Amino acid sequence: MKQRILFVCLGNICRSPAAHHIFESLVEEYRAEGRLVTASGEEAEFVIDSAGTYGGHAGDMPDSRMRAAGARRGYTFTHRSRKVRSDDFEDFDLILAMDDENYERLSRLAPTIEGAERIERMVDYIPDTRY
């Protein structure tokens, strides 16, 4: 079964495309090492994407400073920015908001209660996070 994950920030030109590409890289690394095997013995599959709650950067490449920082760490960011669509709330199993403001925006954009239940905060997946 495919796990469909959407990373979301404001403009989809910095945090969410970085998370998107880093997660893709980790999936490929784990796959190469044979570490993506489920309890049933099948290889886990992922659909990974990113979007923004603001559409003003739609079609743009990630911010040049973020691409440069990623390149220094071995990542190539090729995603083109897009705005969150109402279909995303049905198409993705997990929608990860990069911050509280975008969590709230996503909650207001969700067309159904079920769609809103798919939204979580990225920080909830980071161990030992303190505010």
Side-chain angles (χ1 to χ4, degrees):
M1 173 192 249
K2 287 185 182 181
Q3 290 294 307
R4 301 163 302 169
I5 302 170
L6 180 66
F7 296 95
V8 179
C9 68
L10 180 63
N12 193 216
I13 60 168
C14 54
R15 295 166 293 162
S16 60
H20 170 171
H21 285 285
I22 291 167
F23 192 78
E24 280 182 336
S25 295
L26 288 170
V27 166
E28 291 307 314
E29 177 184 324
Y30 282 28
R31 181 172 284 120
E33 295 171 358
R35 295 170 54 188
L36 284 181
V37 179
T38 66
S40 63
E42 298 176 35
E43 185 172 81
E45 295 182 57
F46 293 89
V47 173
I48 306 160
D49 198 1
S50 61
T53 56
Y54 163 73
H57 296 292
D60 291 352
M61 292 289 292
D63 181 84
S64 61
R65 295 164 294 180
M66 198 273 299
R67 287 193 322 248
R72 288 191 298 272
R73 292 164 177 81
Y75 299 108
T76 302
F77 302 112
T78 59
H79 176 77
R80 294 278 180 174
S81 176
R82 72 173 182 86
K83 187 175 181 184
V84 170
R85 302 180 294 256
S86 63
D87 289 352
D88 289 333
F89 294 92
E90 185 176 323
D91 293 343
F92 288 91
D93 304 307
L94 177 61
I95 300 172
L96 287 172
M98 297 293 108
D99 59 44
D100 287 338
E101 183 177 329
N102 284 292
Y103 178 87
E104 295 302 324
R105 286 179 185 214
L106 286 164
S107 296
R108 288 191 303 272
L109 289 171
T112 64
I113 293 170
E114 294 81 13
E117 290 172 345
R118 297 169 187 224
I119 306 165
E120 296 187 28
R121 291 171 174 86
M122 179 71 173
V123 72
D124 292 339
Y125 289 84
I126 301 171
D128 297 325
T129 303
R130 294 180 183 92
Y131 281 98

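As the structure is a computational prediction, the values presented were derived from the model and not from experiment. All values below were derived from every heavy atom in this structure, side-chain atoms included, with hydrogens, water molecules and symmetry-related copies excluded.
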> Does anything in residues 87-115 pair up under ring pair (Phe, Tyr, Trp, His ring centres under 6.0 Å), and if so which pairs, sequence neighbours excluded?
Replying inline: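 Applying ring pair (Phe, Tyr, Trp, His ring centres under 6.0 Å) to every pair that reaches into residues 87-115, excluding sequence neighbours, yields nothing.
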
Which value, rounded to the nearest 0.5 Å, describes the distance between [X] atom [atom1] and [Y] atom [atom2]?
X: Tyr30; Y: Ser25; atom1: OH; atom2: OG; result: 12.0 Å
X: Leu36; Y: Glu29; atom1: CG; atom2: CD; result: 10.0 Å
X: Asn102; Y: Thr53; atom1: CG; atom2: OG1; result: 4.0 Å
X: Leu94; Y: Arg118; atom1: CG; atom2: CZ; result: 10.0 Å
X: His57; Y: Cys9; atom1: NE2; atom2: SG; result: 9.0 Å

> Which pairs count as salt bridge (Lys or Arg N to Asp or Glu O under 4.0 Å) when at least one residue sits in residues 5-21, sequence neighbours excluded?
Replying inline: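 Listed by first then second residue: Arg15-Asp99.
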
> Does anything in residues 35-51 pair up under salt bridge (Lys or Arg N to Asp or Glu O under 4.0 Å), and if so which pairs, sequence neighbours excluded?
Replying inline: Arg31-Glu43, Glu33-Arg35, Asp49-Arg82

Sequence neighbours excluded, which residues qualify as side chain to side chain donor-acceptor pair (under 3.5 Å) partners of [X]?
X: Ser40; value: Thr38
X: Arg105; value: Glu101
X: Arg65; value: Asp63

> Considering residues at least two apart in sequence or located in another chain, which fulfil the salt bridge (Lys or Arg N to Asp or Glu O under 4.0 Å) criterion with Arg80?
Replying inline: none

> Got a sec, which residues hit salt bridge (Lys or Arg N to Asp or Glu O under 4.0 Å) with Asp93, two or more places apart in sequence or on another chain?
Replying inline: Arg4

> Side-chain heavy atoms under 4.5 angstrom apart, residues restricted to Ile, Leu, Val, Met, Phe, Trp, Tyr: same cluster for Tyr125 and Leu6?
Replying inline: no

> Is there a path of hydrophobic side-chain contacts, each under 4.5 Å between heavy atoms of I, L, V, M, F, W or Y residues, that connects Val47 with Met122?
Replying inline: no

> Going by heavy atoms in the side chains, are Met61 and Phe77 under 4.5 Å from each other?
Replying inline: no

>> Can you list, by chain and residue number, the hydrophobic cluster partners of Leu10 when the side-chain cut-off is 4.5 Å?
In response: Tyr54

> Which residues pass the ring-ring contact (aromatic ring centres under 6.0 Å, His included) test with Phe46, sequence neighbours left out?
Replying inline: Phe23

Do you know which two heavy atoms are closest between [X] and [Y], and how far apart they sit?
X: His79; Y: Asn12; answer: NE2-OD1, 2.8 Å
X: Phe7; Y: Ala19; answer: CD2-CB, 3.6 Å
X: Ala51; Y: Val84; answer: CB-CG2, 3.7 Å

>> Under a 3.5 Å distance rule, please check whether Arg67 uses its side chain to pair with a backbone N or O of Pro62 as donor and acceptor.
In response: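 The answer is yes, because a donor-acceptor pair under 3.5 Å joins these two groups.
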
> Has the side chain of Ser81 got a donor or acceptor atom that lies under 3.5 Å from a matching backbone atom of Gly11?
Replying inline: yes

> Are Arg85 and Asp88 within salt-bridge range, i.e. N to O under 4.0 Å?
Replying inline: yes

> Who passes side-chain contact (heavy atoms from CB on, under 4.5 Å) against Ala69, sequence neighbours left out?
Replying inline: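 side-chain contact (heavy atoms from CB on, under 4.5 Å) check on Ala69 returns Arg72, Arg73.
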
>> Glu24: which residues meet the side-chain contact (heavy atoms from CB on, under 4.5 Å) condition with it, sequence neighbours left out?
In response: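 Partners of Glu24 by the side-chain contact (heavy atoms from CB on, under 4.5 Å) criterion, ordered by chain and then number, come out as His20, His21, Ile48.
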
> Near Glu90 CD, under 6.0 Å, is it more than 12 heavy atoms from other residues, nucleotides or ligands?
Replying inline: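 Not buried by this count: 12 neighbours or fewer within 6.0 Å.
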
>> For Val8, run the side-chain contact (heavy atoms from CB on, under 4.5 Å) check against Ile119, Ile95, Leu109, Leu96 and tell me which one passes.
In response: Ile95

